[in-house]
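Structure, as structure tokens:
Sequence lines set the chain letters: A, B, ... in the order given, protein chains first and strands last, and positions in each chain run from 1. Computed from a predicted model, the values in this text were never measured in an experiment.
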Amino acid sequence: MPLSRPRRGSDRAAVRRGGNLMESDALYEQRLEKLRRLRAAGEPVYERAFPDREPVQEAIEGFAEGRRMRLAGRIHSIRGHGGSAFADLRDATGRIQIYLRRNLLPEGVFDRVRDLDIGDIVGVEGTLFVTKTGEKTLEVRGLAVLSKALREPPLGKSKDDRHWYALADTETRYRRRYLDLMANEDARRVFLVRSRVIRGIRAFLDARGFAEVETPIMQPVPGGAAARPFVTRHRALHADLYLRVAPELYLKRLLVGGFEKVYEIGRNFRNEGISTRHNPEFTMLELYEAYADYGGIMRLLEEMVSSIARDVLGGDSITFRGKEICLSPPWARLPLLQAIRDRTGEDLSPERGEAEALAAAGRLGLEIEEPRTYAKIVDEALKGRVVPALLDPVFLTEYPVALSPLARRSPGQPLLAERFQAFAGGLEIANAFSELCDPLDQRERFEAQIAARRLGDEEAHRMDDDFIAALEYGMPPAGGLGVGVDRLVMLLSGADSIRDVILFPQLKPEHR
RNA sequence: GGGGGCGUAGCUCAGUGGUAGAGCAGCUGCCUUUUAAGCAGUCGGUCGGAGGUUCGAAUCCUCCCGCCCUCACCA
């Protein structure tokens, strides 16, 4: 609703619908009037491109007194001095000061400077010089007002690293990310880190012979993770389809087909709660390597993360939430049940049985929803008591099979699976296992999941007959990995919330 | 859903019972090397909403709305 134009009418009351998202009528009208004046003076606002401009960064780094340059960007501040004015111009590469002087501009052009506002987008041409206070500045000889900002952007003032009046309201920052990006240097930095991380993942895997593939986002049977799916309806097919909760079962079909190293980076969708670590749609890297196992995947992951950290941050040591974390390999390895024993003193080994686990859960004061299965108890103990303490990167290994319906059993320990999850900074960033390639065992695991579903576990897996059929044609042994890319970016950028690393995070629909 | 916090001018915020403030932004002047430009003047708020207590409410009480955090949920 606040996307509509502010109401006309009363010029004394700010339009309050939409709260701080709305400019007052008076400010809007003033800017409209300036637009009219600019157009009347022959300025074709909104109507032309500004080709052949150079990046602002080039003006700063390639500075030479008297160098002629064409620059374009948004005006972030303007300081008028009667017959002259200074303004700060910013483009994607940096900020530079421009100097506008009546007798240096073509006849009549300086009059348009008074109709410039913070937020306007201009193209300028002129020569570089240094002011008497030592600042590199463009002396403008030609000015083009390209776009007028009719609303005042929330650009604070700043000097050095101190800032005034910046946009702070979290709701506005998330709903109108463009304002956040305009106003907050740190927001821009985080999304650049994100871009580099994803590029780094691709470069790392491509260099190791992995093929990037794309598998269905709309799936007839959602699988590969325990999560509630979003449902949608395909009209022509007269069928329900599900937005994928994971690409896993399709990627494994590719192993059956003969691909040996594949990965996919893409969006998964889970119809579950939203928190600082969860967004309904999130980006996952999944990869599979035939003939490998979870040990090989551990080495791949620790190497990938530390090398990306070096590329993006220039080192593999990071400060996350005030703690120093070293990402250089090798990362610690710790069996899950031992980690739980270390933190809680309780032994949740599967052979001790569900009743014993339930008793332990009671002693630990864990609140567990029905059905209170062994798998859930272990999971609760892990998430509640162990994960938050895992700051330095660590692989927790050997998960109960009951928690891991797609993972291969450990040799000699049939109730445990060759699985690990990687944690750092208190965040779960990856999940991996030696993939189960035994179609008979897989069918039994699915049947156990279906039994759990019948008991009310809506997140349990469904039967996927076609996937079983694929396994029956023979899938090579393989190691598989899933990485929460958003969380990895959180870790590497120091973000406190997943919403700070997703450009347009899911929020409650705006209404009023 | 439980618990906590917040909501005052376009922005950032003061103001805890006496009738609404500052800086910045805006507007009007002056100012041709400023940079949180400066100087002078000026506009702007049903203090999230409704009800209540009170001689008097931004302030106290109740309910509601919105957002954030946290717990639960999310292998």
Side-chain angles (χ1 to χ4, degrees), chain A residues 6 11-31 33 76-88 95 97 99-104 110 117-119 129-135 137 139 151-160 162-175 179 183 225-228 245 270-280 282 336 367-369 373 375-380 382-384 387 399-400 402-407 419 421 428 431 457-461 496-497 499 507-508 510-512:
Chain A
D11 63 357
R12 39 186 277 272
V15 178
R16 296 212 52 78
R17 292 186 313 163
N20 57 24
L21 300 184
M22 191 75 80
E23 301 301 325
S24 75
D25 277 355
L27 294 181
Y28 191 93
E29 289 297 337
Q30 277 160 6
R31 283 175 176 244
E33 181 53 34
H76 275 243
S77 70
I78 188 160
R79 302 173 285 284
H81 292 266
S84 71
F86 289 91
D88 290 331
R95 183 208 75 94
Q97 175 169 265
Y99 179 51
L100 302 132
R101 197 158 114 182
R102 180 177 291 282
N103 61 4
L104 294 175
F110 189 77
D117 286 303
I118 290 170
F129 76 109
V130 178
T131 65
K132 68 184 183 192
T133 54
E135 178 156 359
T137 301
E139 189 176 80
R151 298 172 185 244
E152 184 191 344
L155 301 175
K157 293 195 170 188
S158 62
K159 178 176 187 170
D160 304 325
R162 293 193 297 165
H163 299 276
W164 287 264
Y165 329 117
L167 174 69
D169 179 67
T170 49
E171 184 179 2
T172 307
R173 288 187 47 230
Y174 295 146
R175 284 196 199 281
L179 297 180
R228 288 173 218 218
V245 296
R270 297 187 183 175
N271 203 343
E272 287 160 351
I274 295 175
S275 79
T276 48
R277 290 171 302 283
H278 302 268
N279 195 61
F282 63 100
L336 166 67
E367 289 177 23
I368 295 161
E369 252 196 2
T373 58
K376 280 201 171 183
I377 294 164
V378 172
D379 194 44
E380 278 306 313
L382 169 65
K383 284 187 301 185
V387 171
Y399 279 55
L403 246 66
S404 315
L406 301 164
R419 173 181 175 186
Q421 289 188 307
E428 177 200 335
N431 180 31
D457 183 354
E458 293 182 48
E459 288 146 19
H461 271 78
D496 289 322
S497 168
R499 289 174 166 179
L507 301 175
K508 282 191 194 173
E510 197 172 16
H511 70 287
R512 271 178 64 82

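- The residue A85(A) sits apart from the nucleic acid: no heavy atom pair falls under 4.0 Å.
- Spacing between atom CD1 of I118(A) and atom P of A36(B) amounts to 14 Å, rounded to whole angstrom units.
- Contact check for Q97(A) versus T131(A): side-chain heavy atoms found under the 4.5 Å cut-off.
- The gap from the C1' atom of G45(B) to that of A14(B) amounts to 15 Å, rounded to the nearest Å.
- In a base pair of the Watson-Crick type (N1 to N3 plus N6-O4 or O6-N4) or a G-U wobble (N1-O2 and O6-N3), with each distance short of 3.5 Å, A50(B) is matched with U62(B).
- Remark: C55(B) base-pairs with G18(B). Criterion, Watson-Crick or G-U wobble with two distances under 3.5 Å.
- Smallest separation of non-hydrogen atoms from G80(A) and A85(A): CA-CB, 3.9 Å.
- Only the C1' atoms considered, C55(B) is 16 Å distant from C60(B), to the nearest whole Å.
- Looking at heavy-atom distances under 4.0 Å, Y399(A) makes no contact with the nucleic acid at all.
- Across the protein-nucleic acid pair, L27(A) atom CG and C24(B) atom P stand 16 Å apart, rounded to whole Å.
- Distance from the side chain of T170(A) is smallest to C67(B) among U33(B), G26(B), C67(B).
- Taking atom CZ of R31(A) as the reference point, atom C1' of G26(B) lies 9 Å away to the nearest angstrom.
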key: Derivation and outcome, side chain to side chain contact (heavy atoms under 4.5 Å, CB included), residues L382(A) and Q421(A)   = CA-CA 11 Å; L382(A) 169 65; Q421(A) 289 188 307; 3.7 Å; yes

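- In this structure, the side-chain hydrogen bond (donor to acceptor under 3.5 Å, both in side chains) partners of R101(A), at least two apart in sequence or on a different chain, are N103(A).
- E272(A) places a side-chain N or O within donor-acceptor distance of the main-chain N or O of R228(A), the cut-off being under 3.5 Å.
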request  = Go through L507(A) and R175(A) one step at a time and tell me if the side chain to side chain contact (heavy atoms under 4.5 Å, CB included) criterion holds.
outcome  = CA-CA 8 Å; L507(A) 301 175; R175(A) 284 196 199 281; 3.3 Å; yes

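- Searching all strands for a Watson-Crick or G-U wobble partner of C24(B) with both distances below 3.5 Å returns G10(B).
- Among the heavy atoms of the strands lying under 4.0 Å from A168(A) are primed sugar atoms or P, OP1, OP2 only; no base atom is included.
- Remark: R79(A) pairs with D88(A) by the salt bridge (charged side-chain N to carboxylate O under 4.0 Å, His left out) rule, at least two apart or across chains.
- For T131(A) and U34(B), a side-chain-to-base donor-acceptor distance below 3.5 Å is present, hydrogens and geometry of angles not being considered.
- For R79(A), no side-chain nitrogen or oxygen approaches OP1 or OP2 of U33(B) to under 4.0 Å.
- Toward the 5' end of RNA chain B, the nearer of the two residues I78(A) and E428(A), judged by each one's closest nucleotide, is I78(A).
- Here the separation of C31(B) from A40(B), taken at their C1' atoms, is 12 Å to the nearest Å.
- For T276(A), whose side chain is taken as the heavy atoms from C-beta onward, the closest listed nucleotide among C68(B), U34(B), U70(B) is U70(B).
- The partner of C67(B) is G5(B), by the rule that a Watson-Crick or G-U pair needs both atom distances under 3.5 Å.
- The distance from atom CD1 of I274(A) to atom P of C69(B) is 11 Å, rounded to the nearest whole Å.
- Taking both residues in full, the closest heavy atoms of A225(A) and H461(A) are given as N-NE2, 3.4 Å, listed atom of the first, atom of the second, then distance.
- Comparing U12(B), C71(B), U34(B) against the side chain of R277(A) picks out C71(B) as the nearest.
- Computed from coordinates, the K383(A) NZ to C71(B) C1' distance equals 13 Å when rounded to whole Å.
- Comparing U54(B) with C68(B), their C1' atoms are spaced 34 Å from each other, to the whole Å.
- When Watson-Crick and G-U wobble pairs are counted only if both distances are under 3.5 Å, G29(B) pairs with C39(B).
- Here G10(B) presents its C1' atom at 12 Å from CG of L155(A), a figure rounded to the nearest Å.
- Put simply, CZ on R173(A) is 15 Å from C1' on U12(B), counting in whole angstrom units.
- Taking atom P in both G41(B) and G4(B), the straight-line distance is 48 Å, to the nearest Å.
- With rounding to the nearest 0.5 angstrom, the CZ atom of R173(A) is 11.0 Å from the CG atom of L179(A).
- With distances taken from any side-chain atom of E380(A) to the nucleotides U35(B), C73(B), G10(B), the minimum falls on C73(B).
- Distance from the side chain of E459(A) is smallest for C73(B) among the nucleotides C73(B), C27(B), U35(B).
- Distance check on atom C1': U42(B) versus A25(B) gives 14 Å, rounded to whole Å.
- Looking at heavy-atom distances under 4.0 Å, R95(A) makes no contact with the nucleic acid at all.
- In this structure, the separation between OG1 on T137(A) and NZ on K132(A) is 12.5 Å, given to the nearest 0.5 Å.
- The side chain of T133(A) sits closest to U34(B) out of C27(B), G10(B), U34(B).
- Closest to the side chain of L167(A), out of C67(B), U35(B), U12(B), is U12(B).
- Residue R175(A) has a polar side-chain atom (N or O) positioned under 4.0 Å from OP1 or OP2 of C67(B).
- Per the geometry, CG belonging to L507(A) stands 8 Å off P belonging to C67(B), to the nearest Å.
- G17(B) and U34(B) are spaced 48 Å apart, taking the P atom of each and rounding to whole Å.
- You'll find a donor-acceptor pair under 3.5 Å spanning the side chain of Q97(A) and the base of U34(B), going by distance alone.
- Across the C1' atoms, G15(B) and A57(B) are found 14 Å apart, a figure rounded to whole Å.
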With the criterion being N/O to N/O and under 3.5 Å, what pairs connect the protein with nucleotides 28-32 of chain B, and how long is each?
{"residue": "C31(B)", "atom": "N3", "partner": "G82(A)", "partner atom": "N", "Å": "3.3"}
{"residue": "C31(B)", "atom": "N4", "partner": "G82(A)", "partner atom": "N", "Å": "3.3"}
{"residue": "U32(B)", "atom": "OP2", "partner": "G83(A)", "partner atom": "N", "Å": "3.3"}
{"residue": "U32(B)", "atom": "O4'", "partner": "S84(A)", "partner atom": "OG", "Å": "3.3"}
{"residue": "U32(B)", "atom": "O2", "partner": "R101(A)", "partner atom": "NE", "Å": "2.6"}

